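Read the structure below first, then the notes.
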Amino acid sequence: MSFNLYLVRHGETYLNKYDRMQGWSDAPLTDKGIQDGQAAGKRLANIKFNHVYSSDLTRAVETAKYIMHENNDHDAIQVPVTLPEFREEFFGSFEGLHGVDLAAQIQTQEDLHDIKAYGDLMAQLSQDELMDAIAKADSYHDAENAEQFWARLERGLKFLREHVQDGENVLVVAHGTLIRNLSGKYAGREYTLSSMYNGSVSKWTMDAKSMELEVFNDIEKVW
């Protein structure tokens, strides 16, 4: 049994535009964010989706709706089923903070060098080390650590494996760090170093035990 998973990052939000940390906090899609969803929908218009899911955060739900509005299947699912397991990483009290400011705090705590932006943290720390560093630095102890993040996401993957049939196509609209972390774990650390495009498509083939990444972070391919 295997099926196709089309994992799409939501469209641009105002917090994305301002380079602010956005995990469980939510900001509306910008005009560009709406266009991101529509553009992804046009590239995926010929795919007949048997299941349509999104995280339960509004930016993902709205993007899924824009994607499916463009689908050529007249019986296409217009409203996604929401799965909180596919939420973005929770940054706790760092939600809404500028990425540069968070990088500075983590640099001091972890005694790192040459850190000027959030991307520099990803280059020096593994995905799990970075999640654990953010959780450790959160004085409110709300931010997710790696164990909490993976336990949640693995529940979501288990749900898909239990509800999707052989050969079916599944759309899940989720989030940049989640997609990057998932790709790093199952396809290679190099994928954690990429900046994720809003509205990008990553395609996986999944079976009962494994995941194979076929396309990553794509904003050009017409399927």
Side-chain angles (χ1 to χ4, degrees), residues 1-13 16 22-23 29 33 36-68 70-71 76-77 79-89 127 149-150 152-165 167-223:
M1 187 278 287
S2 67
F3 60 90
N4 300 309
L5 170 62
Y6 295 83
L7 192 56
V8 180
R9 186 189 181 196
H10 62 80
E12 181 193 68
T13 70
N16 292 150
Q22 183 179 215
L29 298 178
D36 291 334
Q38 293 169 335
K42 289 173 181 176
R43 298 196 307 276
L44 294 168
N46 293 322
I47 303 296
K48 178 179 174 61
F49 288 109
N50 304 97
H51 307 270
V52 178
Y53 302 108
S54 75
S55 100
D56 61 341
L57 297 172
T58 303
R59 60 190 186 270
V61 175
E62 293 302 308
T63 300
K65 291 178 181 178
Y66 285 117
I67 290 172
M68 294 311 299
E70 302 292 337
N71 199 273
I77 302 166
V79 179
V81 174
T82 57
L83 299 176
E85 292 83 1
F86 286 92
R87 279 188 178 192
E88 182 59 290
E89 175 187 346
Q127 57 197 23
F149 174 86
W150 287 115
R152 170 169 63 82
L153 181 52
E154 292 292 349
R155 287 196 301 272
L157 298 176
K158 183 175 184 287
F159 175 90
L160 295 183
R161 288 184 166 107
E162 291 175 346
H163 288 81
V164 180
Q165 302 300 311
E168 290 187 328
N169 296 313
V170 183
L171 173 67
V172 176
V173 180
H175 306 271
T177 298
L178 181 147
I179 297 170
R180 194 165 49 222
N181 285 354
L182 186 67
S183 302
K185 181 173 183 177
Y186 288 101
R189 172 164 162 71
E190 64 270 21
Y191 293 104
T192 67
L193 306 178
S194 300
S195 296
M196 297 296 300
Y197 297 114
N198 291 105
S200 64
V201 180
S202 298
K203 181 178 181 291
W204 297 79
T205 299
M206 291 184 63
D207 60 25
K209 295 182 178 179
S210 66
M211 299 181 63
E212 180 178 348
L213 181 61
E214 298 181 2
V215 177
F216 177 70
N217 197 26
D218 183 84
I219 55 172
E220 297 181 355
K221 180 179 174 61
V222 178
W223 301 82

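Quick caveat: nothing in here was measured; it's all calculated off a predicted structure.
Not a single donor-acceptor pair under 3.5 Å links the side chain of Arg59 to the backbone N or O of Thr13. Of the possible donor and acceptor atoms, none in the side chain of Glu70 sits under 3.5 Å from a partner among the backbone N and O of Ala40. With Ser200 contributing its side chain and Ile219 its backbone, the two residues share no donor-acceptor pair below 3.5 Å. Judged by distance alone, the side chain of Arg152 and the main-chain N or O of Glu85 form a donor-acceptor pair under 3.5 Å. Counting only distance, with no hydrogens or angles, the side chain of Asn169 and the backbone of Lys48 share a donor-acceptor pair below 3.5 Å. A donor-acceptor distance shorter than 3.5 angstrom exists from the side chain of Asn71 to the backbone of Ile47, with no hydrogens or angles considered.
Shortest non-hydrogen contact noted between Gly11 and Leu29 is O-CD2, 3.4 Å. Closest heavy-atom contact between Val8 and Ile179: C-CD1, 3.9 Å. Heavy atoms only, all atoms of each residue included: Thr192 and Gln127 are closest at CG2-OE1, 3.0 Å.
One finds the NZ atom of Lys209 at 11.0 Å from the CZ atom of Arg161 (value rounded to the nearest 0.5 Å).
Under the 4.5 Å side-chain criterion, counting only non-hydrogen atoms from C-beta, Val201 is in contact with Trp223.
Looking at His175, Glu88, His10 one by one, the single match for side-chain hydrogen bond (donor to acceptor under 3.5 Å, both in side chains) with Ser55 turns out to be His175.
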Item to check | Test log, rule side-chain contact (heavy atoms from CB on, under 4.5 Å), inputs Leu171 and Ile77 | outcome: CA-CA 10 Å; Leu171 173 67; Ile77 302 166; over 6 Å; no

Item to check | Residues Phe149, Leu178; criterion side-chain contact (heavy atoms from CB on, under 4.5 Å); working and verdict | outcome: CA-CA 9 Å; Phe149 174 86; Leu178 181 147; 4.2 Å; yes

Checklist entry - Can you list the steps and then say if Leu5 with Val172 is a side-chain contact (heavy atoms from CB on, under 4.5 Å)? => result CA-CA 7 Å; Leu5 170 62; Val172 176; 3.6 Å; yes

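The pair Glu154-Lys185 counts as a salt bridge, with a side-chain nitrogen and a carboxylate oxygen less than 4.0 angstrom apart.
A 6.0 Å sphere centred on CZ of Phe159 holds more than 12 heavy atoms belonging to other residues, nucleotides or ligands. No more than 12 heavy-atom neighbours from other residues, nucleotides or ligands sit within 6.0 angstrom of CD on Glu220.
Scanning for ring-ring contact (aromatic ring centres under 6.0 Å, His included) contacts around Tyr186 gives an empty result, with sequence neighbours left out.
For the residue pair Arg180 / Ser183, no side-chain donor-acceptor distance below 3.5 Å is found, with atom types taken as modelled. Between the side chains of Glu214 and Thr205, a donor-acceptor pair is found at a separation under 3.5 Å.
Ring centers of Phe86 and Tyr53: at least 6.0 Å apart, outside the cut-off.
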